[in-house]
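What follows is one structure encoded as structure tokens, with my remarks underneath.
First the proteins, then the strands, lettered A, B, ... as listed; each starts at 1.
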Amino acid sequence: MLFQLAWRNIWRNRRRSYIVMTSIIVGLVSIILMDTLSIGMITQMLDNQIGSHITHIQIHKKGFHDNKIIQNLLPDSGPVEKAIQNTPGITDASPRVISFGLLSSAANSTGIYLVGVEPETEQKITNTADFLVEGRYLNGKPHEIVIGLKLAEKLNVGLDDKVVALASARDGTVGSDVFRVVGIFQSPSSGFDKTTILIPIGNAQTMLSLGSSVSEFAMLVEDPKQLRRIKQRISAQLDDRYEVLTYEDILPLLVMQVDMYKEIMVVFYLIVGIAMIFGIVNTMLMSVFERVNEIGVLMAIGMRNSRIFGMIITEALMLAICGTILGTMGGLLVYWPLSETGIDFSIFSESLTAFGIGAIVRPVLTLESVMNSILVIPVISVLAATYPAYRAIRLEPIYAIRHV
Amino acid sequence: MKLLVKLAWRNVWRNRRRSIITVLAVFFATALSITMRGLQLGTYEVNIRFAVSMFSGFLQVQEEGYQDNPSLHLSFVPDQTLRALLDQQVTAYAPRVYADGLISFKNNSLGTAIFGISPASELTVTDILNKLDTGRFFGSDSTNEIVVGHKLLQNLKAGIGDRVVILAQGFDGSLGNMLFDIVGTVKTGSGEFDGMAVFMGLQTLQELVGMGDRINVIAVSLNDLDDIEPAAAAMNARLSETSLVALSWDELLPELKQAIEFDDVSGVLTLGILMLIVAFGVLNTVLMSVTERFREFGINLSIGMPQSRLAALVVIETLFMALIGICIGLAVGWCVNYYFVENPIMMTGDYAAMYEEYGFLPRLDSSLKTSIFTKSTLSVLVMALLAVVFPVYKVLKLEPLKGIRYT
């Protein structure tokens with residue numbers, strides 16, 4: 001009965017209810033959009049890092065991650081390869097040589113992060129090939145190099161131009177070699193494009209006098225949720241000369257940031273909620289005061305205070321729920337197409353690529369966002385309606401009936 | 001008019017409770033807008049100031065095109081006219097040479113960014129000399145002593161006093177190398193500097209890369225951020241006949257500029273959403289106060305009050321409520337901003353680490369710029385006026401007879 005009464009009361013003043021609901025809908029749609037965009041940005045930052053270089057799991061010699069010097073090579077690739085083969089859930093793995101050095105052209109020279117890769121397997125675990133703007137990826141031929149667009153611009157080189165790479169070799173001398181540019185990429189991260197270069201692993205090993213040793217194995221797993229289990233399985237098969245790291249170990253700040261953003265978004269939901277409280281309090285207060293007579297009659301015929309209180313709260317709650325349903329639906333309607341196409345923020349491309357996000361941001365909906373958006377308005381409404389409901393039960397039936 | 005104002009004022013207080021809540025909503029919007037904008041703009045300013053005085057300088061004079069393509073060849077010899085122009089326009093300036101190279105110690109070699117600076121003039125322009133972590137800075141422009149980023153030293157596994165080899169590509173394309181002694185380290189908080197930078201004397205670097213008296217950049221300091229635009233304009237006007245340009249911080253640090261713009265836009269959007277929600281609240285209140293007075297308005301119309309005056313009455317009532325809310329909001333907002341200007345929010349733990357990771361100071365500052373207050377006031381007023389459009393339309397459409405009979 002209470003629900004029926006409350007439902008009918010809402011629709012007695014249609015326009016007022018519509019306005020309250022519209023404000024809820026506008027608020028929810030915009031906050032869902034902001035929320036999903038922020039989460040989308042961070043997810044992209046993380047995904048880009050994983051996709052371009054970090055991958056899901058890396059295996060090195062213990063201590064390599066803290067000190068990436070060329071001498072920290074994997075003591076023995078054999079057991080590592082075996083461990084990878086024996087662990088289910090790993091889709092692809094690839095060996096790498098990693099060093100820091102200098103790349104020079106006739107025009108200029110710059111510091112680089114040198115990565116020697118096995119082209120065939122590397123392409124399965126990283127996506128640099130997808131970001132090529134000119135030329136092609138390495139295909140196994142020696143003395144080829146793939147560099148970022150920013151680096152190419154700085155060195156003033158194009159396809160087929162020659163560059164000289166210098167890097168410290170295992171024995172302490174400086175190794176150098178000449179490479180021909182075969183591909184130029186532009187990834188979503190300008191930092192990556194400015195410093196990272198890819199060369200065939202064989203050239204890297206010769207140039208740095210490594211023999212057949214490598215710096216790391218990088219791999220992708222089928223189901224990232226199983227990441228920790230897989231890491232443990234690999235670790236169990238290797239002795240303590242090795243370190244097995246997931247992307248969470250390598251990028252702790254980025255992983256943490258996702259959680260931090262969720263915290264920050266709760267504050268945004270609250271601010272929007274508070275902005276709505278005023279509207280809802282006022283609406284309910286007015287609807288109570290226009291019905292002083294009626295409420296007086298209800299009291300006079302014996303309706304208990306608790307039920308009158310409940311009726312007002314239910315009215316507010318119903319308004320909120322209707323608004324929330326429509327608002328969340330509206331938010332999702334805006335979200336779906338955008339999550340496909342993404343929003344082009346090219347005017348901010350320099351800062352977005354500096355943060356490794358990329359100029360196109362795709363919103364990402366999380367369970368937390370849905371929960372926040374579904375809960376915040378009803379909770380706020382109930383809070384907002386307590387004052388009007390309290391005013392209603394404070395009425396004296398005798399005076400209320402006579403109220404004009 | 002006087003009568004209308006009086007009438008409006010009394011009408012506002014006829015339903016005291018409702019008006020107070022509306023005023024509160026306006027107050028909330030104003031105060032929040034001032035606080036949020038204050039925190040944003042204040043933090044931007046501190047970060048710009050920090051970045052500018054760290055190393056980039058307020059302005060830089062460079063060869064045109066050097067910023068996009070930093071090549072040793074885009075260098076110049078500062079002549080007498082340029083010096084005279086600088087003396088006249090800016091508070092201090094420092095010449096620099098930039099190069100990239102490879103630094104080697106024992107078995108380790110790392111890529112570095114080499115900055116040739118002249119300590120005496122650098123001290124007047126930027127804070128880099130004050131960022132000394134250990135050891136000391138070199139005293140002259142032509143010693144073979146260098147200062148490196150503290151992480152670079154760590155990665156090299158070298159220590160203060162160690163002798164290192166630096167290899168760099170020279171002006172003529174050949175590779176030159178020299179021996180250097182590490183005498184100190186800097187700690188700037190910026191990963192790029194701490195992990196890659198080598199500072200050496202200006203003349204030493206000129207000798208290493210064989211570029212004679214040529215330099216790449218003159219970094220310039222000014223008194224205040226607001227002086228940047230006029231100074232840049234004045235200098236570029238005078239430099240137009242040469243191949244040199246004066247670039248301001250936003251051209252030198254485009255990432256910082258865009259990060260700020262991006263944050264700025266998202267802040268403005270958030271406030272826009274907030275204003276919209278508050279606008280609906282105000283709309284509802286005004287609309288209800290209008291509909292419950294349809295009878296009264298009908299009578300007013302029948303006894304000859306023009307509709308436009310009734311509409312004006314509604315607008316004035318709304319303005320009254322908005323202005324009261326804005327005034328309280330301005331006062332409270334000012335206090336909040338003043339508090340944060342005096343006591344900036346220092347971030348700790350994870351948040352601090354994240355801010356530093358992106359090259360921002362781990363603190364939030366506020367600002368008491370008048371533009372924050374005027375813009376907040378204006379946007380709240382616009383919001384209130386938008387909210388009153390529909391109720392006014394209702395009043396204008398009201399027919400006297402219907403109004404009188406309205407129940």
Side-chain angles (χ1 to χ4, degrees), chain A residues 15-16 19-20 22-23 26-27 30-31 34 38 67-71 100-102 104 106-113 153-154 156 166-168 170-172 174 190 195 253 256-257 260 268 271-272 274-276 278-283 285-286 289-290 345 347-352 354-355, chain B residues 15 17-18 21-22 24-25 28-29 32 68-73 99-102 104 106-113 155 157 167-169 173 175 196 254-259 261-262 265-266 269-270 273-274 276-281 283-285 287-288 291-292 350-351 353-354 357-358:
Chain A
R15 191 183 298 128
R16 185 166 62 200
I19 294 177
V20 175
T22 316
S23 76
V26 169
S30 22
I31 195 132
M34 283 198 54
S38 316
N67 186 12
K68 292 190 174 108
I69 55 170
I70 191 67
Q71 285 79 6
F100 294 89
L102 194 72
S104 307
N108 213 341
S109 61
T110 185
I112 49 160
Y113 181 69
E153 278 167 4
K154 183 168 182 191
N156 200 10
L166 295 174
S168 90
R170 188 187 200 172
D171 53 14
V174 172
S190 58
T195 54
L253 273 176
M256 205 168 63
Q257 217 177 321
M260 273 159 50
F268 274 100
I271 291 179
V272 169
I274 293 172
M276 277 178 194
F278 299 104
I280 295 170
V281 170
N282 242 353
T283 313
L285 205 57
M286 277 179 277
F289 281 99
E290 324 174 313
F345 286 108
I347 35 167
F348 302 114
S349 63
E350 243 164 298
S351 90
L352 288 174
F355 293 146
Chain B
N15 194 331
R17 202 174 290 118
R18 180 170 64 200
I21 294 175
T22 313
L24 275 179
F28 174 73
L32 197 71
D68 296 324
N69 176 23
S71 153
L72 277 180
H73 294 274
D100 284 297
L102 197 70
S104 306
K106 291 191 181 155
N107 290 343
N108 291 321
S109 300
L110 295 169
T112 67
N155 294 343
K157 292 199 179 299
L167 188 70
Q169 191 175 28
L175 286 169
M196 291 201 59
E255 282 114 352
L256 178 65
K257 184 200 168 208
Q258 288 196 352
E261 277 179 353
F262 192 74
V265 169
S266 64
L269 272 181
T270 314
I273 295 170
L274 192 82
L276 207 57
I277 294 168
V278 175
F280 277 107
L283 164 67
N284 229 353
T285 321
L287 192 63
M288 276 179 272
T291 23
E292 70 182 23
D350 296 350
Y351 285 88
M354 187 180 85
E357 173 78 10
Y358 293 115

Using a cut-off of 6.0 Å, state whether more than 12 heavy atoms not belonging to A:Y113 lie near its atom OH. yes

Per-residue contact mode, B:L276 against chain A (heavy atom under 4.5 angstrom): side chain

Where on B:T285 is there a heavy atom nearer than 4.5 Å to chain A: the side chain, the backbone, both, or neither? both

Pairwise distance CD1(A:I274) to CD1(B:I277) - rounded to 0.5 angstrom: 11.0 Å

Just give me the residue among A:L352, A:L285, A:L253, A:I347 that pairs up with chain B most often, heavy atom to heavy atom, under 4.5 Å. A:L253

Counting only non-hydrogen atoms closer than 4.5 Å, does A:A107 touch chain B with its backbone (N, CA, C, O), its side chain (CB onward), both, or neither? backbone

Got a second to check how far A:S168's OG is from B:L102's CG, nearest 0.5 Å? 7.5 Å

Give, as side chain, backbone, both or neither, the part of B:T270 having an atom under 4.5 angstrom from any heavy atom of chain A. both

Under 4.5 Å heavy-atom distance to chain A, tell me which part of B:K257 shows up: side chain, backbone, both or neither. neither

Mind listing the closest non-hydrogen atom pair of A:I69 and B:N155 along with its distance? CG2-O, 4.0 Å

For the student: nearest non-hydrogen atoms of A:S190 and B:E255, plus distance: OG-OE2, 4.4 Å

Euclidean distance, A:F289 CZ relative to B:R18 CZ, rounded to 0.5 Å: 10.5 Å

Closest contact, heavy atoms only, A:A106 versus B:Q169: O-NE2, 4.2 Å

Counting heavy-atom pairs under 4.5 angstrom with chain B, the leader among A:G101, A:G279, A:A167, A:S38 is A:G101

Best-contacting candidate, B:G281, B:A99, B:A25, against chain A by heavy atom pairs under 4.5 angstrom: B:A25

Tell me, side chain or backbone of B:I21 under 4.5 Å from chain A's heavy atoms, or both, or neither? both

Which residue out of A:L102, A:V281, A:D171 racks up the most heavy-atom pairs below 4.5 Å with chain B? A:L102

For chain A, which candidate among B:I273, B:V278, B:L175, B:N69 shows the most heavy-atom pairs at distances under 4.5 Å? B:I273

Interface moiety of B:L167 toward chain A, non-hydrogen atoms closer than 4.5 Å: both

In this structure, CG of B:L24 is separated from CG of A:N282 (nearest 0.5 Å) by 9.5 Å

Can you see which heavy atom on B:S71 is nearest to which on A:N108, and at what distance? CA-ND2, 3.4 Å

Atom pair CG (B:N284) and CZ (A:R15), whose distance is rounded to the nearest 0.5 Å: 10.0 Å

Parallel, tilted or perpendicular: which fits the ring planes of B:F262 and A:F348, with parallel below 30° and perpendicular above 60°? perpendicular

Quick check on A:M286 against chain B: is it the side chain, the backbone, both or neither that has a heavy atom closer than 4.5 Å? side chain

Separation between CD (A:Q71) and CG (B:N108), nearest 0.5 Å, reads 5.5 Å

Which atoms form the tightest heavy-atom contact between A:K154 and B:P70, and what is the distance? CE-CG, 3.9 Å

Closest non-hydrogen contact found for B:S266 with A:M34 is O-CE, 4.3 Å

Looking only at A:S23, A:S349, A:G111, most heavy-atom pairs under 4.5 Å shared with chain B are made by A:S23

Ranking A:M276, A:E290, A:K68, A:Q257 by heavy-atom pairs under 4.5 Å to chain B gives rank one to A:Q257

Partner chain B: residue of A:I112, A:I280, A:I271 with the largest heavy-atom pair count (under 4.5 Å): A:I271

